[in-house]
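Everything below concerns the one structure shown next.
All ligand and atom numbering here is 1-based and tracks the order in the structure. All of these numbers come straight from a predicted model, not from anything done at the bench.
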Amino acid sequence: MYLILSVELINQQIMTKITVAKGDGIGPEIMDATLKILQAAGAKLEIEPIEIGEKVYLDGHKSGIAPESWESLRRTKVFLKAPITTPQGGGFKSLNVTTRKTLGLYANVRPCKSYHPYVATKHPVMDVVIIRENEEDLYAGIEHQQTDEVTQCLKLITKPGTEKIIRFAFEYAKAYGRKKVACFTKDNIMKLTDGLFHKMFDEIAKEYPEFESEHWIVDIGAAKLADTPENFDLIVMPNLYGDILSDVAAQITGSVGLGGSANIGAEYAMFEAIHGSAPKRAGQDLANPSGLLLGAIQMLVYINQPKVAERVHNAWLKTLEDGVHTYDLYKENVSKEKVGTSGFADAVISRLGQRPQKLEAVHYDEGLNHQVQGSYSKAVPAKKDLVGVDIFLHWNGEDRDPNVLGEILSKITSGPFKNNLITNRGVKVYPDGLPETFCTDHWRCRFTSENMDLPGDYKNVIALSQRISDLGLDIIKTENLCRFDGERAFSLGQGQ
Ligand code: NAD
């Protein structure tokens, strides 16, 4: 009796609490299939269910999650999440973005591998991990309509955010035996934001000389990834490029339904499929549960149940290899049996303990994922000089002739600052603009000293703003122009 109790106690002790949400659309079906497989494989999980998604949104919670559900996440710190449907319009916020940012899940890990010849793909040799920065970039969610014609979304790239994700990428490469780390940015255009990402990649890569490292401009990098994915191993990217290209990469392995993802933070983690709730496929026992299952396998590694992860992953590979496929993978002459969501789960369960014969079997070490974190150090404050200001105006006057606006602003000065540039959508239109340039009602008016080198004072910015406003002009916003340790820290206008 005593012995049985002790064993039970030990079993209870090694149970890991996780929060589980079944989501919307195909979510409940693929989650049931995934949990059935995990349970059959002997995963030690104590599940706390929460509700998220459409119903919660429509109950009035703008982020798709009720306040009490955060309590469960705070307790378990591990979230296995099925996809949800975000209602259109109505000011609803994306639950995924909210969860990632609230819980500090800065790293999104998306392995994309092909399973040739058992899953039809144009890319028989493909095994790429995409590591997507998860909290910043255009997903900061700071958007404004500024004029009748112009809307704006702020792209934020921070030093700590960039340092964390790039270190995470190299640490992940180390833990998982990857050889080559690539970085995609668009720093030929966005020299400050993507430029920071690229620069930090080059700096941090020097600390990991054992890896081949390379940078690609995202457009040609994406084209190469879609064309010859076998040339890539691990790619780290800012948020938006990573979001788009991980879907492309998952789809070209054979189906977006094969993509699983881990969202990792310093304290919390969330695991999911990369696809959405596919409402058209819901309730028909059709969907492929593989994406969520592969997310759950990453979760098992993360909570230090690597042997269960290995058992499930190898049984899943054997199922694919045996040609047991859901509709999205099924191909005459390649597949042997077409199954639904639950049939696929049963097929995996019946192969637990088996390993694939032709596809490469997986092996997971103890403590693997806990090694993988990205560290950062606080930036050392630089000497910061204010050398000017961009004052943005909503102006519709005089046929939108930039020379008229330039003439008005030429009379306004403060300290060393006077107007010496007006741009429209970033292109110089005053002085000496070209008449062909199309102008909207949104004007960036730059006030600096002649050579942009004389420092002024914020009082000069206030005085300029006051005088411009007194003339009845509509100021949308101001943006300070600074030098950090003597280096210009703002972009020039096109044609400046
Ligand atoms: P989707 O990924 O849900 O589906 C696109 C298509 O991909 C489907 O029609 C289907 O043909 C295929 N597909 C996706 N998952 C599959 C699976 N498991 N098995 C087989 N085929 C699969 O994209 P969508 O239709 O653009 O979005 C539907 C909803 O999902 C939207 O409300 C969107 O906001 C939401 N969404 C949620 C998440 C998330 O919760 N993580 C992510 C993306 C989209």
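Per-atom contact check: atom 26 (O) of ligand 1 does not touch the protein, criterion being a heavy-atom distance below 4.0 Å. Counting only heavy atoms, the protein never gets under 4.0 Å from atom 6 (C) of ligand 1. Note that atom 1 (P) of ligand 1 has protein non-hydrogen atoms nearby, at separations under 4.0 angstrom. For atom 20 (C) of ligand 1, the protein comes within 4.0 Å by at least one heavy atom.
Aromatic ring pairs are classed by plane angle as parallel below 30°, tilted from 30° to 60° and perpendicular above 60°; the pair Tyr208 and Phe170 is parallel. Below 30°, between 30° and 60°, or above 60°: for Tyr106 and Phe168 the angle between ring planes is above 60°, a perpendicular geometry.
Side-chain contact annotation: Asp24 with Tyr57, donor-acceptor N/O pair under 3.5 Å absent. Between the side chains of Ser72 and Thr19, at least one donor-acceptor pair of N or O atoms lies under 3.5 Å. Judged purely by distance below 3.5 Å, without hydrogens or angles, the side chains of Asp285 and Ser342 pair a donor atom with an acceptor atom.
The protein non-hydrogen atom at the shortest distance from atom 13 (N) of ligand 1 is Val256 CG1, 4.0 Å. At the shortest separation from atom 28 (C) of ligand 1 among protein heavy atoms lies Pro279 CD, 3.7 Å. Annotation: atom 43 (C) of ligand 1 to nearest protein heavy atom, Gly276 CA, 3.5 Å. In terms of protein heavy atoms, atom 3 (O) of ligand 1 is closest to Ala278 N, 2.7 Å. Considering only non-hydrogen protein atoms, atom 37 (C) of ligand 1 sits nearest to Ile84 O, 3.1 Å.
Within the 4.0 Å heavy-atom shell around ligand 1 one does not find Gly291. Using a 4.0 angstrom heavy-atom cutoff, Asn96 counts as in contact with ligand 1. In this structure, Glu272 is part of the shell of residues with a heavy atom less than 4.0 angstrom from ligand 1.
Counting heavy atoms only, His275 comes closest to atom 15 (N) of ligand 1 of the residues Lys280, His275, Glu29. Proximity annotation for atom 34 (O) of ligand 1: of Asp328, Ile52, Thr86, Thr86 comes nearest, heavy atoms only. With Phe92, Tyr327, Phe344 as candidates, the residue nearest to atom 22 (C) of ligand 1 on a non-hydrogen basis is Tyr327.
Between Glu272 and Arg100 there is a salt bridge, since a side-chain N of the basic residue sits under 4.0 Å from a carboxylate O of the acidic one.
Remark: Arg444 fails to qualify as a cation-pi partner of Phe490 under the 6.0 Å distance and 45° angle criteria applied to the six-membered ring.
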